[in-house]
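Only heavy atoms go into these numbers, but all of them, side chains included; no hydrogens, no water, no symmetry mates.
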Amino acid sequence: MRPGSPGRTVEAGDRGALRIADRVVAKIAAHAAREALDVLPPDAGPPHATVIVHHEVARVRVSLELDYPSDIGGQCAAVRHQVVQRVEALAGMEVPEVAVQVERLHSAQTRGAAQGRTQ
């Protein structure tokens with residue numbers, strides 16, 4: 001029987017492989033981080049993620065901006081959980097590590113005072 005002809009069974013290892021680019025996994029992680037946050041501060045940038053993938057294992061770093069005062073630890077835990085769930089579900093990768101870096105805190109009190117001065 002010729003290769004590729006009907007009726008021939010091809011072993012999984014001979015069929016090829018799927019490789020998902022790091023930047024695609026990073027976009028999934030950034031979107032998942034945004035999903036995990038109830039509300040972003042009005043002047044905050046969207047979450048940003050960087051990823052290192054090695055043998056179907058993704059190590060993720062997410063940078064984000066949060067409102068202050070708020071439950072920062074709770075929000076970071078929610079981001080970690082959502083990133084792990086979405087990357088595993090959509091990319092099929094194990095995610096043993098999600099580092100969350102808070103780049104900036106946006107104070108509602110300062111924002112209100114600034115708006116009052118710019119009348």
side-chain hydrogen bond (donor to acceptor under 3.5 Å, both in side chains) against Arg80, all qualifying residues, sequence neighbours excluded = none
For Glu35, check salt bridge (charged side-chain N to carboxylate O under 4.0 Å, His left out) against everything at least two apart and list the hits.
-> Arg86
Indicate yes or no: at least one non-hydrogen side-chain atom of Thr50 is less than 4.5 angstrom from one of Gln101.
-> no
Pairwise distance NE2(His48) to CD(Glu65) - rounded to 0.5 angstrom = 12.5 Å
Is there side-chain contact between Val83 and Val62, with heavy atoms separated by less than 4.5 Å?
-> yes
Is there any salt bridge (Lys or Arg N to Asp or Glu O under 4.0 Å) pair reaching into residues 87-103, and which pairs are they, with sequence neighbours excluded?
-> Arg59-Glu97
So do the side chains of Leu64 and Leu40 get within less than 4.5 Å of each other, counting heavy atoms only?
-> no
Ignoring hydrogens and angles, write down the donor-acceptor pairs under 3.5 Å from the side chains of residues 21-30, residues two or more places apart or on other chains.
none

Write down the atom of Gln82, the atom of Ala32, and the distance for their closest heavy-atom approach.
-> CG-O, 3.1 Å
Show which side-chain atoms of residues 69-78 pair as donor or acceptor with protein atoms under 3.5 Å away, not counting sequence neighbours.
{"residue": "Ser70", "atom": "OG", "partner": "Asp67", "partner atom": "O", "Å": "2.7"}
{"residue": "Ser70", "atom": "OG", "partner": "Gln75", "partner atom": "OE1", "Å": "3.4"}
{"residue": "Asp71", "atom": "OD1", "partner": "Gly74", "partner atom": "N", "Å": "2.9"}

